> 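Have a look at the structure that comes next, please.
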Amino acid sequence: MSTPETTAPEAPRHFIRQIIDADLASGKHPTVVTRFPPEPNGYLHIGHAKSICLNFGLALEYKGRCHLRMDDTNPAKEEVEYVESIKEDVRWLGFDWGAHDHNASDYFGRMHADAVRLIELGKAYVCHLSLEEMRAHRGDLVTPGKPSPWRDRPVAENLDLFAKMTRGELDEGSAVLRAKIDMASPNLLMRDPVIYRIRKASHHRTGDAWCVYPMYDYAHPLEDAYEGITHSICTLEFEIHRPFYDWLLRTLDTPAKPQQIEFARLNLTYTVMSKRRLLELVQERRVAGWDDPRMPTISGLRRRGIPASAIRRFCETIGVTKHNSLTDVALLEHAVRDELNRTAPRAMAVLDPVRLVIENYPEGASEELEAVNNPEDPAAGSRKVPFSRTLLIEREDFMEDAPRKYFRLTPGQEVRLRWAYFVRCTGCVKDADGKVVEVRCTYDPATRGGDAPDGRKVKGTIHWVSEPHAGDVEVRLVDRLFLKEDLNDLAEGEDWRAHLNPGSLRVARAKVEPSLLALAPGAAVQFERVGYFVADAKDSSPGKPVFNRTVTLKDSWAKAAAKA
RNA sequence: UGCCCGAUGGUGUAAUGGCAGCACGACUGACUCUGACUCAGUCUGUCUAGGUUCGAAUCCUAGUCGGGCAACCA
């Protein structure tokens, strides 16, 4: 597991850091304890990564600790499969919760005892209103609610009824436990919220031990208090829940009084982030699974070849605020390129091959040339690449009638074959349809290795593979999943699925230099002049890698050409 | 119609009463054995109107715009 870089001292003092600084300075807390509390009902995505980096990052930064806690209070929606994937993803991101592997369900006993205490305090009651009746009693945004007819029943009766609920003697939906607060509160969440409901369902951890399950609003503050969380960081939509959070801790007078702090969730261009939509993509088979390389899930990003360090860096870059924003996915891509440029070994692969014949190179001969593995990292060393008379180059690296400033192969022009020789184009061979089937050239033996002893320069360098030595591999040209920038900005009735990019996955064959065949599954590589790729961790087999494109290289020529 | 929260270049953010800064992006150009990287330069911003102050992105008031809130979900 990689160790996350400690945050630079000049890191922006975002508002949460400022709150913590103040709390530490005032002595309110001796240390920082945060938590990451996912509900195990789906896979983690890049938005969760923001929260993970924030919570675990803060703990690291302040030498406190961060707990991992499964918020498993709803037996109907949660599964073990998700628990495992969540742990794997957090670990992969580089974080460690140590011994603090918790579950909301660990506290069902304590929460229940606290509910009994609430009843004894006269602050909770059993209510039999149906869903519809309760909605009607709640009032609305502008009109106060009406009290439930059971609001003032005696403590003893509440105790007895809650015990019956707990023993499973009451039917689902026939009763709930409600906090008794204020039916006229302008905050609807304070109008006697439900805190326990009957669910005769089997829970993935507690089995059939319980017939009543706590609601999130009741459970979460208690979980935080039990664990001694100091700063309970969540997303903006929970802001309105904070008064109840504080009310509960105050009413129960818990020894610990964690503080809930809200920040804006991550939105990314060309990306859907809601669990519901991601689930639908999987269920409707619009992607191959949760870990499809096009998915913004942690497992998808991992399979796509995006390094954990790039995700961490990205999360630090985007900052933490209280206002909604839409982050350009280019920021993520930049973090990925930046990391991979430093670390990924280079190799040559031709995605759209056309044959290049060197007329003056001996037939049947071959040799090995030295190629640098990573110009950005001398320690990466070099490798041998086979060379012969017949090579394969990218089709787009030859043009019969080239525009000015086209530095690649065109009749009469000299270019460098990367790490090999200078070659001068002599022409091409076409088939009956006029399609180029072969490019011809001559080479200068004196330029072996790629430099001319006479000091002459070429403007262009192109990549190549030796046809007789080339490996043939599958490459998956992964592109953005959606064509629309802001998937949250949809017209009434507009289906987000209509913006799916039909070209988000193009499967192709590529010709590659032999060294690439030995690449370990999960290893990143740069195909020179093309992009960063990763040997797919799932579908690669020994000697037979399958490559996923992580991100393309920037291509200012393509941009210029498109403009012309 | 109520309550809560927010607003800084195209995008993400910093500045917490004292020179509006950084990163991404776009556009030039230099360099280059990757038209990559790197480097240099250019571009573009404090929602509006009042007020407080020597001085306001920052404090106050009003407005505008955006987001959230009426699951026995989290």
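Model, not experiment: these values are computed from the prediction. Note on naming: letters A, B, ... go to the chains in the order of the sequence lines (proteins, then strands), and numbering restarts at 1 for each one.
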> Does any N or O in the side chain of A:Lys50 come within less than 3.5 Å of the main-chain N or O of A:Ala264, such that one atom is a donor and the other an acceptor?
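A pair under 3.5 Å: yes.
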
> Does any N or O in the side chain of A:His128 come within less than 3.5 Å of the main-chain N or O of A:Ser174, such that one atom is a donor and the other an acceptor?
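Side chain of A:His128 to backbone of A:Ser174: a pair is present.
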
> Sticking with atom C1', work out how far B:rG55 lies from B:rU16, rounded to a whole angstrom.
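Taking atom C1' in both B:rG55 and B:rU16, they lie 16 Å apart.
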
> Heavy atoms under 4.0 Å is the rule here; annotate nucleotides 65-74 of chain B 5' to 3' with B where the base is hit, S where only the sugar-phosphate is, and - elsewhere.
--SBSBSBBB

> Starting at CG of A:Asn373 and ending at P of B:rA36, how long is that distance when rounded to a whole Å?
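Value for this atom pair: 22 Å.
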
> Between atom CZ in A:Phe15 and atom P in B:rG6, what is the gap in whole Å?
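Checked: the CZ to P distance equals 9 Å.
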
> Mind checking what makes side chain to side chain donor-acceptor pair (under 3.5 Å) contact with A:Lys123, not counting sequence neighbours?
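Testing A:Lys123 for side chain to side chain donor-acceptor pair (under 3.5 Å), a comparison that skips the adjacent residues, returns none.
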
> For A:Ser26, enumerate each residue passing the side chain to side chain donor-acceptor pair (under 3.5 Å) test, keeping only those at least two apart in sequence or located in another chain.
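Checked A:Ser26 against side chain to side chain donor-acceptor pair (under 3.5 Å); zero matches.
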
> Taking the P atom in each of B:rU58 and B:rG6, what is the distance between them to the nearest angstrom?
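So the two P atoms sit 15 Å from each other.
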
> Which pairs count as salt bridge (charged side-chain N to carboxylate O under 4.0 Å, His left out) when at least one residue sits in residues 183-192 of chain A, sequence neighbours excluded?
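Residue pairs passing salt bridge (charged side-chain N to carboxylate O under 4.0 Å, His left out), neighbours aside: A:Arg151-A:Asp192.
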
> Rounding to an integer number of angstrom, what distance separates B:rC72 and B:rA15 when you compare their C1' atoms?
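Between the two C1' atoms, the distance is 47 Å.
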
> Looking at residues at least two apart in the chain, or sitting in another chain, which of them share a ring-ring contact (aromatic ring centres under 6.0 Å, His included) with A:Phe244?
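Applying ring-ring contact (aromatic ring centres under 6.0 Å, His included) to A:Phe244 gives A:Trp247.
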
> Reckon A:Thr143 touches a base, only the sugar-phosphate, or nothing at all at heavy-atom distances under 4.0 Å?
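A:Thr143: no heavy atom of the nucleic acid under 4.0 Å.
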
> With a 4.0 Å cut-off on heavy atoms, is A:Glu333 in touch with a base, just the backbone sugar-phosphate, or nothing at all?
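Since no nucleic acid heavy atom lies under 4.0 Å of A:Glu333, the category is nothing.
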
> Select one nucleotide: of B:rG2, B:rC37, B:rG35, the one nearest the side-chain heavy atoms of A:Val142.
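Within the option list, the nearest is B:rG2.
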
> Under 4.0 Å, heavy atoms only, any strand: does A:Leu326 hit a base, just the sugar-phosphate, or nothing?
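Sugar-phosphate: the residue A:Leu326, judged by heavy atoms under 4.0 Å, touches backbone atoms but no base.
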
> Which part of the nucleic acid, if any, lies within contact of A:Phe263, taking any heavy atom under 4.0 Å across all strands shown: a base, the sugar-phosphate backbone alone, or nothing?
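If one applies the 4.0 Å heavy-atom cut-off, A:Phe263 turns out to touch nothing in the nucleic acid.
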
> Holding to side-chain contact (heavy atoms from CB on, under 4.5 Å), I want the full list of residues that pass it with A:Val272, two or more places apart in sequence or in another chain.
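In terms of side-chain contact (heavy atoms from CB on, under 4.5 Å), with neighbours along the sequence ignored, A:Val272 is linked to A:Arg277, A:Leu278, A:Leu281, A:Phe482, A:Leu487, A:Trp496.
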
> For a quick check of understanding: with a heavy-atom distance under 4.0 Å over all strands, which category does A:Arg408 fall into, base, sugar-phosphate or nothing?
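Contact class for A:Arg408: base.
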
> For a quick check, with a 4.0 angstrom heavy-atom cut-off, what is the B/S/- contact string for nucleotides 38-46 of chain B, read 5' to 3'?
---------

> Roughly how many Å is it from CD1 in A:Ile261 to P in B:rC5, rounded to a whole number?
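Spelled out: CD1 on A:Ile261 to P on B:rC5 is 15 Å.
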
> Can you tell me which nucleotide in B:rG12, B:rA36, B:rG35 comes closest to the side chain of A:Glu376?
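From the listed options, B:rA36 comes nearest.
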
> Apply side chain to side chain donor-acceptor pair (under 3.5 Å) to A:Asp454 and list each qualifying residue two or more places apart in sequence or on a separate chain.
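For A:Asp454 the side chain to side chain donor-acceptor pair (under 3.5 Å) partners, ignoring immediate neighbours, are A:Arg456.
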
> Suppose the criterion is salt bridge (charged side-chain N to carboxylate O under 4.0 Å, His left out): which pairs have a residue in residues 258-275 of chain A, not counting sequence neighbours?
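Checked against salt bridge (charged side-chain N to carboxylate O under 4.0 Å, His left out) - neighbours excluded - the pairs reaching residues 258-275 of chain A are A:Glu237-A:Arg265, A:Arg242-A:Glu262, A:Glu262-A:Lys322.
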
> By the 4.0 Å heavy-atom rule, please label A:Glu262 as base, sugar-phosphate, or nothing.
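Answer is nothing: A:Glu262 stays at 4.0 Å or more from every strand.
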
> Take atom C1' in B:rA74 and the same atom in B:rA49, then report the distance between them in whole Å.
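Each nucleotide's C1' atom is 42 Å from the other's.
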
> Under the 3.5 angstrom rule, does the side chain of A:Asn373 hit a backbone N or O of A:Ala380 as a donor-acceptor pair?
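Yes; at least one donor-acceptor contact below 3.5 Å.
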
> Considering residues at least two apart in sequence or located in another chain, which fulfil the side chain to side chain donor-acceptor pair (under 3.5 Å) criterion with A:Tyr532?
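For A:Tyr532 the side chain to side chain donor-acceptor pair (under 3.5 Å) partners, ignoring immediate neighbours, are A:Gln526.
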
> Rounding to a whole Å, what distance do you find between A:His323:NE2 and B:rG12:C1'?
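So the NE2-C1' distance, A:His323 to B:rG12, works out to 8 Å.
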
> Hey, is the side chain of A:Arg529 pairing donor to acceptor with the base of B:rG35 inside 3.5 Å?
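Check fails, no donor-acceptor contact within cut-off.
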
> Only pairs at least two apart or in different chains count here, so list each salt bridge (charged side-chain N to carboxylate O under 4.0 Å, His left out) that has a residue in residues 134-148 of chain A.
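For residues 134-148 of chain A, and leaving out neighbouring residues, there are no salt bridge (charged side-chain N to carboxylate O under 4.0 Å, His left out) pairs at all.
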
> So which one's nearest nucleotide on RNA chain B is more toward 5', A:Gly460 or A:Gln18?
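This one resolves to A:Gln18.
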
> Under 3.5 Å for both distances, Watson-Crick or G-U wobble, that's the pair rule; now give the dot-bracket for RNA chain B, with | marking pairs to another strand and [ ] for crossing ones.
.((((((..((((....[..))))((((((.......))))))...(((((..]....))))))))))).....

